Amino acid sequence: MAMAQATRAPREEGQQHYYKLLSGHTIPSVGLGTWRSGSLASESVHTAITQAGYRHIDTAAEYGVQKEVGEGLKAAMESGIERKDLFITSKLWCADLSPDRVRGALRSTLNELQLNYLDLYLIHWPFHLKDDAKRPPEPGEVLDFDMEGVWREMEKLVKDGLVKNIGVCNFTVTKLNRLIRWAQTLPSVCQMEMHPGWRNDKMLEACKNNGIHVTAYSPLGSSERNLIHDPIVTKIANKLNKSPGQVLIKWALQRGTSCIPKSTHQERIMENMQVFGWLIPEEDFKSLSSIKDQRRVLDGETLFVNKSHGPFRSAAELWDNED
């Protein structure tokens, strides 16, 4: 049954499309990402919810925009949108990856967002950093990560009604299997970098096999690798009379993943939601899924790798040499 939940196409509830999670809750298939949104985050969130029909907003403590996101959410709810109809995701940053800091970090996030609960709380990266660690980290700034202890505290947040779902970001198959062995509450969601230039097939398959829903971040690529200008993407977009961004978002949905494209431009925010009521034909979907240059853009190296002192001396080690 879990497998069916993980792989079924989005279902429609009114005008919004959702995936069902292991917990029984639903997650909207397209959300607004807020990384690098800066001072425009509040306006972007308000526009997305009130004008474009988004119901899923993704943010994180580390993005430094949660207060602005909170202002946007407050304004949207004051205009008549009900909290129960929104799905708000945030993430636990690496400096707070110790059992005694989990609840305090969530309280801070809820305070910034002006909310009483989150719909989804994720471990942002599975690496424990000292407060104010340098980038890249200096010797001794990457600490031991008590994954089980942290997860137990996140499970308590669900029991206490502060969080409806918990999950992970940037995990490997190895780390996911380890968590699953002792988790009393399975992760509802695994959020990963995914786009035609990095399909991340191994993690997608591992999540499907365990009924865990996948959310694709950077579905359009990033500034380091902007897939909007990829010739295969633009060719298919022209054929379908859609924008390249719409094609990339639709590709993510047809794979069975939700996605969280980031934008601070009103017209782009609107455009990114216009991905329902049509499909990418199978041959074009296969072309997008066959791009040969497969590589991560956000590999975590600058955050966690100290090439001379470790404990991680390469990006490959961060990803358990699974690529």
Side-chain angles (χ1 to χ4, degrees), residues 21-23 25 34-35 57-67 69-70 88-172 174-192 212 215 217 300 302-306 309-312 317-320:
L21 303 176
L22 279 173
S23 63
H25 298 122
T34 60
W35 184 42
I57 304 295
D58 180 273
T59 192
E62 179 63 11
Y63 297 168
V65 296
Q66 288 192 142
K67 288 183 179 179
V69 170
I88 311 301
T89 299
S90 190
K91 308 176 189 80
L92 178 67
W93 181 240
C94 303
D96 293 313
L97 282 186
S98 60
D100 61 323
R101 292 181 61 160
V102 171
R103 187 167 295 244
L106 173 69
R107 291 287 190 189
S108 177
T109 280
L110 291 174
N111 183 55
E112 289 187 333
L113 293 173
Q114 302 183 57
L115 298 175
N116 296 319
Y117 69 91
L118 287 180
D119 297 276
L120 178 62
Y121 200 36
L122 304 171
I123 292 175
H124 202 153
W125 287 87
F127 306 104
H128 186 192
L129 293 177
K130 283 188 73 172
D131 286 312
D132 302 317
K134 305 294 189 300
R135 300 184 181 187
E138 294 179 357
E141 291 187 338
V142 180
L143 309 174
D144 290 337
F145 173 30
D146 177 7
M147 186 191 296
E148 183 172 2
V150 166
W151 193 254
R152 292 280 173 255
E153 291 303 311
M154 293 182 71
E155 291 175 328
K156 291 176 186 176
L157 299 178
V158 177
K159 291 177 182 176
D160 293 344
L162 295 171
V163 173
K164 288 193 173 183
N165 297 275
I166 52 178
V168 297
C169 288
N170 302 306
F171 263 47
T172 59
T174 299
K175 291 182 177 71
L176 184 66
N177 286 340
R178 179 179 153 207
L179 186 154
I180 287 171
R181 277 198 296 272
W182 40 252
Q184 294 171 5
T185 301
L186 286 177
S188 291
V189 174
C190 179
Q191 190 180 118
M192 302 292 297
I212 299 168
T215 295
Y217 73 71
T302 58
L303 286 172
F304 308 112
V305 171
N306 184 315
H309 290 85
F312 303 103
E317 287 187 25
L318 297 178
W319 301 103
D320 296 322

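Here the structure is a predicted model, which means the values were calculated and not measured. Counting begins at 1 with the first residue of the sequence. Atom set for the values below is all heavy atoms of this structure, side chains included, hydrogens, waters and symmetry mates excluded.
- For E62 and R135, the salt-bridge test passes: some basic side-chain N is under 4.0 Å from an acidic carboxylate O.
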Stepwise side chain to side chain contact (heavy atoms under 4.5 Å, CB included) test for R103 and D160: CA-CA 11 Å; R103 187 167 295 244; D160 293 344; 2.8 Å; yes
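- Contact between K175 and P126 at its shortest, heavy atoms only, is CD-CG, 3.7 Å.
- Contact record, F145 with F127: CD2-N, 4.3 Å, taken as the closest heavy-atom pair.
- Between I212 and C190 the shortest heavy-atom distance is CG2-N, 3.7 Å.
- Here the NZ-CD distance, from K130 to E141, works out to 6.5 Å after rounding to the nearest 0.5 Å.
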Verdict with reasoning, I180 to L186, per side chain to side chain contact (heavy atoms under 4.5 Å, CB included): CA-CA 6 Å; I180 287 171; L186 286 177; 3.9 Å; yes
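- More than 12 non-hydrogen atoms from other residues, nucleotides or ligands lie less than 6.0 angstrom from CG of D100.
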Name each donor-acceptor pair under 3.5 Å that joins a side chain in residues 118-125 to protein atoms two or more places apart or in another chain, with its distance.
unit_1	atom_1	unit_2	atom_2	d
D119	OD2	R83	NH1	3.0
D119	OD2	R83	NH2	2.9
D119	OD2	I88	N	2.8

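- Looking at D58 and Q191, their side chains do bring a donor and an acceptor atom within 3.5 Å of each other.
- If you take OG on S98 and CG on L143, they are separated by 9.0 Å, rounding to the nearest 0.5 Å.
- Residues meeting the side chain to side chain contact (heavy atoms under 4.5 Å, CB included) test with D131, sequence neighbours left out: A95, R101.
- The line from CD1 of I57 to OG1 of T89 is 9.5 Å long, rounded to the nearest 0.5 Å.
- Residues F304 and P311 form no side-chain contact, since every pair of their non-hydrogen atoms from C-beta on lies 4.5 Å or further apart.
- L176 CG to R181 CZ: the interatomic distance, rounded to the nearest 0.5 Å, is 10.0 Å.
- Here the shortest heavy-atom pairing between N170 and W319 reads O-CZ3, 3.5 Å.
- For the pair P99 and G149, the tightest heavy-atom approach, listed with the atom from each and the gap, is CG-C, 3.6 Å.
- No side-chain heavy atom of L92 sits less than 4.5 Å from a side-chain heavy atom of L106.
- Here the side chain of E153 pairs no donor or acceptor atom with the backbone of V150 at under 3.5 angstrom.
- The residues R152 and E148 are annotated as salt-bridged, a charged nitrogen and a carboxylate oxygen being separated by less than 4.0 angstrom.
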Given V69 and L113, is the side chain to side chain contact (heavy atoms under 4.5 Å, CB included) satisfied, shown in steps? CA-CA 6 Å; V69 170; L113 293 173; 3.7 Å; yes
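- Between the side chain of E112 and the backbone N or O of G70 there is no donor-acceptor pair closer than 3.5 Å.
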I'd like to know whether L162 forms a side chain to side chain contact (heavy atoms under 4.5 Å, CB included) with Y117, so could you lay out the CA-CA distance, the side-chain angles of the two residues, the decisive distance to 0.1 Å, and finally the verdict. CA-CA 5 Å; L162 295 171; Y117 69 91; 5.5 Å; no
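- H25 and S23 get closest at one heavy-atom pair: ND1-OG, 3.1 Å.
- Each of T59, N111, T109 was evaluated against Q66; a single residue qualifies, T109, per the side chain to side chain donor-acceptor pair (under 3.5 Å) test.
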